[in-house]
J.: 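What follows is a structure written as structure tokens; I'll ask about it next.
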Protein chains: 2
Amino acid sequence: MALQQDIKVAVDAVIFGYESKGNLSVLLIKRGIEPFKDAWAMPGGLVLERESLEAAVKRELKEETGVRIDYLEQLYTFGKPNRDPRNRVISVSYFGLVRPNHFKIKGDTDAVDAKWFPVNDLPKLAFDHKKIFQMAAQRLKGKLMYQPIGFDLLSPEFPFSDLEHLYTTILGRDIDRRNFRKKIKSFGFVEETDKLHQEGSGRPAKLFKFNKQKYDTLVDDGFHFDIKFV
Amino acid sequence: MALQQDIKVAVDAVIFGYESKGNLSVLLIKRGIEPFKDAWAMPGGLVLERESLEAAVKRELKEETGVRIDYLEQLYTFGKPNRDPRNRVISVSYFGLVRPNHFKIKGDTDAVDAKWFPVNDLPKLAFDHKKIFQMAAQRLKGKLMYQPIGFDLLSPEFPFSDLEHLYTTILGRDIDRRNFRKKIKSFGFVEETDKLHQEGSGRPAKLFKFNKQKYDTLVDDGFHFDIKFV
DNA sequence: GTATATTTGTGTCAATATTACACAAACAAA
DNA sequence: TTTGTTTGTGTAATATTGACACAAATATAC
């Protein structure tokens, strides 16, 4: 009944980078071949025959950019017939969040060129990757509001202002420092240490740490993390 | 570098059915061929060469069950290498919600057999369809809490108890009638008519209607529907 | 060493939202 | 006319949110 199917399956990764005191950025690669040769695109590529989707996206990411990431979340599957001008290719997209300076990015010396771009200054993107990026950015913001993603991006012991900066950067807006602290503290999975941290001028900051074990326990007990601060 | 890829792309639909006074059910088909011959499965099948994913799932649904649905939402893409014991098949799954008695389901007279099953009494399912179903059920509940899905499932003018029943059925738990009414009314997109409706014994109920236009306006204005009642 | 700039840390009050809870009204059926 | 069933409604206690300002601790500039 159905014609013999010849559809390729690809994966793409929207990798956000966040650095203390830094901006939010996205990892892109410069395409070496047509179509869209020399345009920037999300890292990704075809899935191998006996490889899971997640394995594929991690592999491509490693090969093309040098970034190794453990946690990726599936975003959406894009499948319009003409999203690739040549063949029919559907793309299962993923997104993740890492610390850029944890990795040495493959650069001009390699066959491929990979770079971090600030999210509010992206080049023109290949295929439908602009749409993929937009969806990922929206999901990242949404996720931040009900899950404590991003604690891995901070130092094991971090001043509260780092966490605050992470949130303002990803959400792209200011938040009330006092209310934010109050809210986060009320969850009970950040713990105060007795260490202090000094950087530049200003009063030294207490260091805090994220108690993942406690967080997991809370989640198991059906706790529902939920931020709606201004 | 990469081997020639031969992966099939399929779509699957988790179609929930809700009827006034009814239970929540799911539409399944009985497989006519191996693997999993005679087992029940979600409707679905291979995507055609020049067909969008959404068109494919609607077409398969129509062909296999007779159900035509306008709104489907993408759920997740399942891609473990061995989810199909024969070939490599990845499945892009969708879910939707309809009124069962709006359709004549294809039955034993046809090549395929399709049936509604109550969600808490499902047969053993083919492939990884149990997992697909579970994910869909969870998403449906979640969605109900922040979007007024389901108003299409009610009559154009409905007693409030119908809406309440829809919610208790999908959520699988009781809710406080007074608080529910208060909350829904506060949103301002259900309007009271001056008609009454009588069914069986008991006080006649006022009829209400859903003002979709008003709802859309609110959404455009950035309104965020959000239910957390008990 | 004094003044200035910078960053951290903290509490209260008003407004709003949530939750728990019970009884009268309107009808059908017995 | 009594009984059973369903609809319709308000209030008070509690919890959450949101707005808001100033002192403490340090580095830096003079």
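Order of the sequence lines sets the chain letters (A, B, ...), proteins ahead of strands, with each chain counted from 1.
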J.: Please find out if less than 6.0 Å separates the ring center of A:Y215 from that of A:F151.
T.: no

J.: Does a side-chain N or O from B:R177 land closer than 4.0 Å to OP1 or OP2 of D:dG8, or not?
T.: no

J.: Check for a donor-acceptor pair, side chain of A:E19 on one end and backbone N or O of A:N101 on the other, with a separation under 3.5 Å.
T.: yes

J.: Just by distance, do the side chain of B:K106 and the backbone of B:E63 share a donor-acceptor pair under 3.5 Å?
T.: yes

J.: Among residues two or more places apart or on two chains, list those pairs meeting side chain to side chain donor-acceptor pair (under 3.5 Å) that have a residue in residues 68-79 of chain A.
T.: A:Y71-A:E73, A:E73-A:K143, A:Q74-A:Y94, A:T77-B:T77

J.: In whole angstrom, what separates A:I175's CD1 from D:dA19's P?
T.: 13 Å

J.: Which label fits A:F208 and A:F160: parallel for a plane angle under 30°, tilted from 30 to 60°, or perpendicular past 60°?
T.: perpendicular

J.: In this structure, how many angstroms lie between the C1' atom of C:dA29 and the CD atom of B:E199, rounded?
T.: 16 Å

J.: Calculate the interatomic distance between A:R173 atom CZ and D:dG18 atom C1'; express it in whole Å.
T.: 13 Å

J.: Any side-chain N or O of B:K185 less than 4.0 Å from the OP1 or OP2 oxygen of D:dT9?
T.: yes

J.: Taking the side chain as C-beta and beyond, is there a heavy-atom pair between B:V92 and A:V92 under 4.5 Å?
T.: no

J.: For B:N179 and D:dA15, give me the distance from atom CG to atom P, rounded to whole Å.
T.: 16 Å

J.: What string of B, S and - do you get for nucleotides 24-30 of chain D 5' to 3' if you count protein non-hydrogen atoms under 4.0 Å?
T.: BBBS---

J.: Could you check how far CZ of A:F158 sits from P of C:dT8, rounded to whole Å?
T.: 13 Å

J.: Between atom CD1 of A:I184 and atom CZ of A:F210, what is the distance when rounded to the nearest 0.5 Å?
T.: 10.0 Å

J.: For the pair made of CG in A:D176 and C1' in C:dT8, what is the distance, rounded to whole Å?
T.: 14 Å

J.: Starting at atom CG of A:D226, determine the distance to atom P of D:dA15, rounded to an integer number of angstrom.
T.: 18 Å

J.: Report the distance from atom CZ of A:R181 to atom C1' of C:dG11, rounded to the nearest whole Å.
T.: 13 Å

J.: May I ask you to evaluate whether B:K206 reaches the phosphate of D:dT9, defined as a side-chain N or O under 4.0 Å from OP1 or OP2?
T.: yes

J.: Can a side chain N or O of A:R178 be found less than 4.0 Å away from OP1 or OP2 on C:dG9?
T.: no

J.: 5'-most contact on DNA chain D: B:S161 or A:K182, nearest heavy atom basis?
T.: B:S161

